[in-house]
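For the numbers below, each heavy atom of this structure counts, side chains included, while hydrogens, waters and symmetry mates do not. Since we're looking at a predicted model, the values are computed, not measured.
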Amino acid sequence: MNAPPPGPEHGVRPEGRQEPPHDRAYGHAPADPAETTVPAAGHAAPSAPPGPERLYPLAGWRTRVLARLIDLVLVALPALLVGLVVTLAWVGVQQVSNGSTQGIEDRYPVFLSVVWFAFYTGYETFALARRHQTLGKRRLGLKVAPVEGTGSLGAVRITALVVRAALLALPFLFVYLLFFALGWLWWLLVAVMAVLTGGMAAWNRPNRQGLHDRIAGTVVLDVAGPQAHPPAP
């Protein structure tokens with residue numbers, strides 16, 4: 001007597017079915033085996049439904065400060081060089097026009113202040129608009145996102161990014177004070193801005209926003225850490 005052909009009860013899955021993959025992205029529920037089918041020959045595979053949007057936790061203020069320090073060093077070096085080049089160019093023009101280089105010691109601090117402010121504002125705006133992160137934030141796994149995203153990444157208006165970056169770069173616009181008798185005033189400005197940005201982000205709840213974040217409507221997320229599931233509908 002011949003044995004019946006093997007069926008599902010004998011460990012063989014019906015034709016047209018395949019085992020669901022065991023490695024699935026974090027935050028996605030496993031697929032129902034009954035709905036996982038092999039497309040017929042000559043037919044394109046149906047597109048998979050989009051998975052739940054990933055949510056990320058807020059970044060800690062210490063990590064944010066470290067990322068900011070990395071960015072400051074990266075911008076300071078070219079700013080110092082370009083400020084010097086602009087000053088030397090100005091001296092050359094002065095010497096050609098009237099044969100005098102008087103006032104060079106006063107011009108470099110002013111040129112440096114303007115260049116440093118412009119460089120940092122442009123650098124941060126461009127980096128956040130393109131990838132949601134500067135090089136410092138990329139090194140530490142941080143990204144800037146809109147506060148209304150409640151933990152998800154999303155586009156931020158370019159005007160908001162410009163205002164955010166300019167507020168952070170504001171002390172650089174007055175760095176020339178260091179070269180005069182008002183150096184203490186520059187350090188006072190730096191201290192005030194540090195409290196309003198980094199310090200405020202440390203104690204602000206629930207979104208850990210500094211003054212620049214509150215004005216721009218942004219938060220900083222830790223995308224290198226564990227990701228949370230989106231809330232159930």
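Every side chain to side chain contact (heavy atoms under 4.5 Å, CB included) that W186 has, sequence neighbours left out, goes to P171, F174, V175, L177, L178, V190. Under the rule for a side chain to side chain contact (heavy atoms under 4.5 Å, CB included), the partners of R157 that lie at least two apart in sequence or sit in another chain are T159, A160. The side chain to side chain contact (heavy atoms under 4.5 Å, CB included) check on V114 picks up nothing, with sequence neighbours excluded. Every residue meeting the salt bridge (Lys or Arg N to Asp or Glu O under 4.0 Å) condition with R164, not counting sequence neighbours, appears here in chain and number order: E124, D213. Residues that satisfy the side chain to side chain contact (heavy atoms under 4.5 Å, CB included) test with T63, not counting sequence neighbours, are L140, L142. Residues forming a ring-ring contact (aromatic ring centres under 6.0 Å, His included) with F172 (at least two apart in sequence, or on another chain): W116, Y120.
Listed by first then second residue, pairs satisfying salt bridge (charged side-chain N to carboxylate O under 4.0 Å, His left out) with a partner in residues 181-203 number zero, not counting sequence neighbours. Screening residues 165-179 for side chain to side chain donor-acceptor pair (under 3.5 Å), with sequence neighbours left out, gives no hits. Counting only residues at least two apart or in different chains, side chain to side chain donor-acceptor pair (under 3.5 Å) contacts with residues 73-83 are absent. Sorted by first then second residue, the side chain to side chain donor-acceptor pair (under 3.5 Å) pairs that include residues 126-151, not counting sequence neighbours, are D71-T134. Residue pairs meeting the salt bridge (charged side-chain N to carboxylate O under 4.0 Å, His left out) criterion with at least one member in residues 170-193, sequence neighbours excluded, do not occur.
Atoms CG and CZ, from L74 and F119 in turn, are 13.0 Å apart once rounded to the nearest 0.5 Å. Note that CG of L55 and CG of L153 are 9.5 Å apart. Values are rounded to the nearest 0.5 Å. Going from atom CH2 of W61 over to atom CG of L66 covers 11.0 Å, rounded to the nearest 0.5 Å. Remark: W184 CH2 to L189 CG distance equals 11.0 Å, nearest 0.5 Å. Remark: T218 OG1 to H212 NE2 distance equals 6.5 Å, nearest 0.5 Å. Note that CG of L170 is 6.5 Å distant from CZ of F117, once rounded to the nearest 0.5 Å.
Two residues are said to be in side-chain contact when any heavy atoms from C-beta on lie closer than 4.5 Å; V82 and V86 meet this criterion. Put simply, the side chain of L58 reaches to within 4.5 Å of the side chain of L221, judged on heavy atoms.
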key: Working for side-chain contact (heavy atoms from CB on, under 4.5 Å), residues Y56 and D222   = CA-CA 6 Å; Y56 298 93; D222 181 4; over 6 Å; no

inquiry  = Go through it in stages, so that I can follow the logic: the residues are V156 and L128, the test is side-chain contact (heavy atoms from CB on, under 4.5 Å), and I'd like the CA-CA distance, side-chain angles, deciding distance and then a yes or no.
reply    = CA-CA 9 Å; V156 182; L128 296 186; over 6 Å; no

request  = Check the pair I70, L135 against side-chain contact (heavy atoms from CB on, under 4.5 Å), reporting the backbone distance first and the verdict last.
outcome  = CA-CA 8 Å; I70 294 174; L135 293 177; 5.7 Å; no

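By the rule that hydrophobic residues join a cluster once side-chain heavy atoms approach within less than 4.5 Å of another member, F126 and V162 end up as members of separate clusters. Hydrophobic clustering, with ILVMFWY side chains joined whenever heavy atoms are under 4.5 angstrom apart, groups L112 together with L185. There is no path of hydrophobic side-chain contacts, each under 4.5 Å, that joins L173 to V110. L81 and F111 are not part of a single hydrophobic cluster, where members link through side-chain heavy atoms under 4.5 Å apart. The hydrophobic cluster containing V192 also contains L167, counting ILVMFWY residues as joined when their side-chain heavy atoms lie under 4.5 angstrom apart, directly or transitively.
Residue Y108 comes nearest to L80 through the heavy atom pair OH-O, 3.4 Å, listed as atom of the first residue, atom of the second, then distance. Nearest heavy atoms, A145 versus S152: CB-O, 3.6 Å. Counting all heavy atoms, side chain and backbone alike, A165 lies closest to T121 at CB-O, 3.7 Å. Here the shortest heavy-atom pairing between P146 and A155 reads CG-O, 3.8 Å.
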Donor-acceptor pairs are to be reported for all side-chain atoms of residues 194-205 against protein atoms at under 3.5 Å, with residues two or more places apart or in another chain.
from: T197; atom 1: OG1; to: M193; atom 2: O; distance (Å): 2.6
from: N204; atom 1: OD1; to: R208; atom 2: N; distance (Å): 3.2
from: N204; atom 1: OD1; to: Q209; atom 2: N; distance (Å): 3.0
from: R205; atom 1: NH1; to: A202; atom 2: O; distance (Å): 3.1

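Within a 6.0 Å radius of CZ in R214, other residues, nucleotides and ligands contribute 12 heavy atoms or fewer.
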